[in-house]
Amino acid sequence: MKHLIQPRVQSIQISGIRQFFNLVAGRPGVISLTIGQPDFPTPEHVKTAAQEAIAADFTTYTANAGLLELRQAACQFVANKYGLRYTPDEVIATVGASQALDITFRTILEEGTEVLLPAPVYPGYEPLIRLCGAKPVYIDTRPNGFRLSAELIAPYLTEKTRCVILPYPSNPTGTALSAEELARIASLLKGRPIWIVSDEIYSELVYRGRHRSIAEWLPEQTIVINGLSKSHSMTGWRIGFVFAPAFAVEQMIKVHQYSVSCTSSISQKAALEALTAGKNDAETMRAAYLERLEYAYGRLTAMGLPVEKPDGAFYLFPSIAAFGMSSFDFALDAVENAGVALVPGSAFSDYGEGHVRLSYAYSLDVLKEGLDRLERYIQQKRRRP
C-alpha cells in the first residue's frame with residue numbers, strides 16, 4: 001500500500017534536528033545542548049489569562065483569522081517595536097510560525113517556481129517548499145559571515161524565482177542583517193514579481209540595537225512571519241502570526257480556514273494578554289541569554305573553535321572542520337565519548353557541514369557542564385596522533 005502515499009511526502013525526511021535529538025534521547029547522563037526552546041516558564045499573567053478564558057467557557061470557534069482584538073494587538077505590537085504598519089485585515093493568527101509558513105508557501109508557490117534560501121538554514125523550509133512542487137535554491141552565505149546580501153542574491157534571480165526567504169536572526173547561526181543590508185536587498189527586489197518571506201520569530205531576542213524588518217522598506221512585497229514561542233516562552237501554545245498585504249491575506253485565509261478553521265481560542269486569549277500586558281516580557285530572558293552567550297562564546301573561543309558571534313536568537317555555530325570528521329560523526333562521537341549532545345551542522349543543509357549547532361537556551365550550570373565535557377573531548381582528540 002506504500003505506493004498509495006503521495007511521493008512528495010515520501011521523499012521528505014524528519015528534521016535533522018529532531019532526528020539527532022531522538023537518537024540521543026534517553027541516553028543516561030548525556031548533557032543535551034540541542035533544542036532551541038526557552039527554558040523559562042510562560043509568564044504568570046499569560047497563564048492566568050488562559051485560565052480565566054477557560055473558566056469563562058471561551059471555548060468556541062473564533063473568526064478564521066483570529067480574534068479582532070488579538071489582530072489589533074499584534075498590529076500595535078509590531079508598530080511599537082519595529083515601526084511596521086499593518087491593519088487587522090493584514091494579519092492572520094496561526095498555529096505557530098510553522099503553520100504561518102505553510103499557508104504562505106501554499107498560497108504563493110506553484111509547480112516549478114524557485115525559492116532562494118540563505119544556507120546554512122533552518123531545515124523546516126525545504127519540505128514545505130517541495131510539498132508545493134517548488135524548488136529550494138540554496139545560496140552559500142559562509143563567505144559573508146552567514147549573512148545573505150543583495151550581491152549574493154543577484155546571480156540566482158531567474159524568471160522562475162518566486163520568493164526569497166530572510167530568516168533573521170538566524171537559526172542556526174544567530175546572525176542578523178543590518179538596516180543597510182536590508183535596504184540593499186529591498187532595492188534589488190523592488191518591483192520584481194518576487195515575494196520576500198521574512199521569518200522574524202527571534203525578533204525579540206536581538207542583542208545589539210533593535211530588530212529591523214525588510215518590511216520597513218518593501219511592505220508591498222513582504223510577508224512577515226512571527227509569533228510568541230520565543231519572545232514569551234510559549235512554544236506549546238502554538239501562536240504565530242502572518243503579516244502581509246491585504247490582497248495576499250485574503251487568499252491565505254482560504255488555506256488557513258480549510259487547514260485548521262482557527263487557532264485555539266484559549267491560546268488566542270493568552271496571546272492577547274502577552275501582547276498587551278507583556279510587551280516587555282522578553283527583556284528578562286534576553287538579558288539571561290546574553291549572559292549565556294558571552295559565557296559560551298568565550299568558552300568556545302578559548303577551545304580554539306572558530307565561531308561567529310551571534311546578533312540574536314540563542315545558538316552558536318562553531319566550526320569543527322579541523323577534526324576531519326563529518327558533523328554527524330563528530331556529534332555522535334561527542335555523545336558516546338563525552339556525554340554532550342550538539343546538533344550536526346548537516347541538519348541545516350549541506351552548507352552546514354563542518355559545523356555543529358549549540359543551543360544556549362539552557363541554564364549556566366548546564367552550559368558549564370556541557371562545555372566542560374566538550375573541552376575535554378576536544379583536548380583528547382587533539383592529543384591523538
Side-chain angles (χ1 to χ4, degrees), residues 10-37 39 117 119-127 138 140-142 146 170-174 235 292-293 295-308 310 313-385:
Q10 292 192 58
S11 70
I12 64 176
Q13 303 295 319
I14 300 298
S15 157
I17 303 171
R18 281 291 174 178
Q19 284 186 32
F20 199 80
F21 176 80
N22 295 338
L23 181 66
V24 303
R27 294 203 182 198
V30 172
I31 296 288
S32 177
L33 303 178
T34 57
I35 296 298
Q37 175 166 274
D39 65 331
L117 304 95
V121 69
Y122 170 66
Y125 305 116
E126 178 176 342
Y138 290 104
D140 186 2
T141 63
R142 292 173 297 180
F146 299 118
S170 163
N171 174 9
T173 67
T235 53
R292 298 171 189 181
L293 162 61
Y295 174 75
Y297 177 79
R299 290 292 306 274
L300 292 173
T301 302
M303 292 178 207
L305 294 181
V307 59
E308 293 280 344
F314 35 59
Y315 308 107
L316 285 153
F317 203 57
S319 171
I320 47 90
F323 298 100
M325 303 170 67
S326 72
S327 60
F328 184 88
D329 288 344
F330 180 95
L332 185 59
D333 194 50
V335 169
E336 293 176 341
N337 293 297
V340 60
L342 309 166
V343 180
S346 56
F348 305 96
S349 82
D350 292 344
Y351 296 98
E353 188 55 80
H355 293 78
V356 290
R357 191 194 75 174
L358 179 155
S359 168
Y360 52 89
Y362 296 88
S363 71
L364 281 172
D365 288 343
V366 172
L367 280 174
K368 182 180 185 306
E369 178 60 28
L371 288 164
D372 285 348
R373 294 183 183 191
L374 180 63
E375 184 172 18
R376 289 193 294 269
Y377 171 73
I378 287 172
Q379 288 173 343
Q380 290 169 359
K381 292 192 73 62
R382 284 176 174 154
R383 284 197 296 265
R384 291 174 190 167

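We number each residue from 1, following the sequence as shown.
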Enquirer: Evaluate L371 against L358 for side-chain contact (heavy atoms from CB on, under 4.5 Å), listing each step before the verdict.
Expert: CA-CA 10 Å; L371 288 164; L358 179 155; 3.7 Å; yes

Enquirer: Search all heavy atoms of S319 against all heavy atoms of L305 and return the closest pair with its distance.
Expert: O-CD2, 3.7 Å

Enquirer: Could you measure the distance from the CG atom of L293 to the CZ atom of F314? Nearest 0.5 Å is fine.
Expert: 12.5 Å

Enquirer: Are I31 and R373 close enough that some pair of their side-chain heavy atoms sits under 4.5 Å apart?
Expert: yes

Enquirer: Are F330 and Y377 near enough that their ring centres are under 6.0 Å apart?
Expert: yes

Enquirer: Give, for atom CG of L367 and atom OG of S363, the distance between the pair rounded to the nearest 0.5 Å.
Expert: 6.5 Å

Enquirer: Could you walk me through whether I320 and I378 pass side-chain contact (heavy atoms from CB on, under 4.5 Å), step by step?
Expert: CA-CA 10 Å; I320 47 90; I378 287 172; over 6 Å; no

Enquirer: Would you say S170 and V121 make side-chain contact, with heavy atoms under 4.5 Å?
Expert: no

Enquirer: Write down the atom of L33, the atom of Y362, and the distance for their closest heavy-atom approach.
Expert: CA-CE1, 3.6 Å

Enquirer: Has the side chain of S359 got a donor or acceptor atom that lies under 3.5 Å from a matching backbone atom of I35?
Expert: yes

Enquirer: Counting distance only, does the side-chain N/O of R357 pair as donor-acceptor with the main-chain N or O of V343 below 3.5 Å?
Expert: no

Enquirer: Applying side-chain contact (heavy atoms from CB on, under 4.5 Å) to F328 and E353, what does each step give before you reach the verdict?
Expert: CA-CA 9 Å; F328 184 88; E353 188 55 80; over 6 Å; no

Enquirer: What pair of heavy atoms forms the shortest contact from Y351 to A119, and how long is it?
Expert: CD1-CB, 3.4 Å

Enquirer: Roughly how far, to the nearest 0.5 Å, is CG of D39 from OH of Y360?
Expert: 12.5 Å

Enquirer: If I compare all heavy atoms of A347 with all of P123, which pair ends up nearest, and what's the gap?
Expert: O-CB, 3.3 Å

Enquirer: Please give me the minimum heavy-atom distance between R299 and K368, naming the atom from each residue.
Expert: NH1-O, 4.0 Å

Enquirer: How many angstroms lie between atom CZ of F348 and atom CD of E126, to the nearest 0.5 angstrom?
Expert: 13.5 Å

Enquirer: Would you compute the distance between atom CG of L332 and atom CG of N337 and round it to the nearest 0.5 angstrom?
Expert: 9.0 Å

Enquirer: Looking at D372, I'd like to know if its CG atom is crowded, meaning that more than 12 non-hydrogen atoms belonging to other residues, nucleotides or ligands lie closer than 6.0 Å.
Expert: yes

Enquirer: Quick one: sort the F146 and H355 rings into parallel, tilted or perpendicular, breaks at 30° and 60°.
Expert: perpendicular

Enquirer: Return the minimal non-hydrogen interatomic distance between S327 and G354, and the atom names on each side.
Expert: CB-N, 4.2 Å

Enquirer: Show, in sequence, the C-alpha distance, side-chain angles and deciding distance for L117 and Y122, and conclude whether the side-chain contact (heavy atoms from CB on, under 4.5 Å) test is met.
Expert: CA-CA 10 Å; L117 304 95; Y122 170 66; over 6 Å; no

Enquirer: Side chains of P120 and T141, heavy atoms from C-beta outward: is any pair under 4.5 Å?
Expert: yes

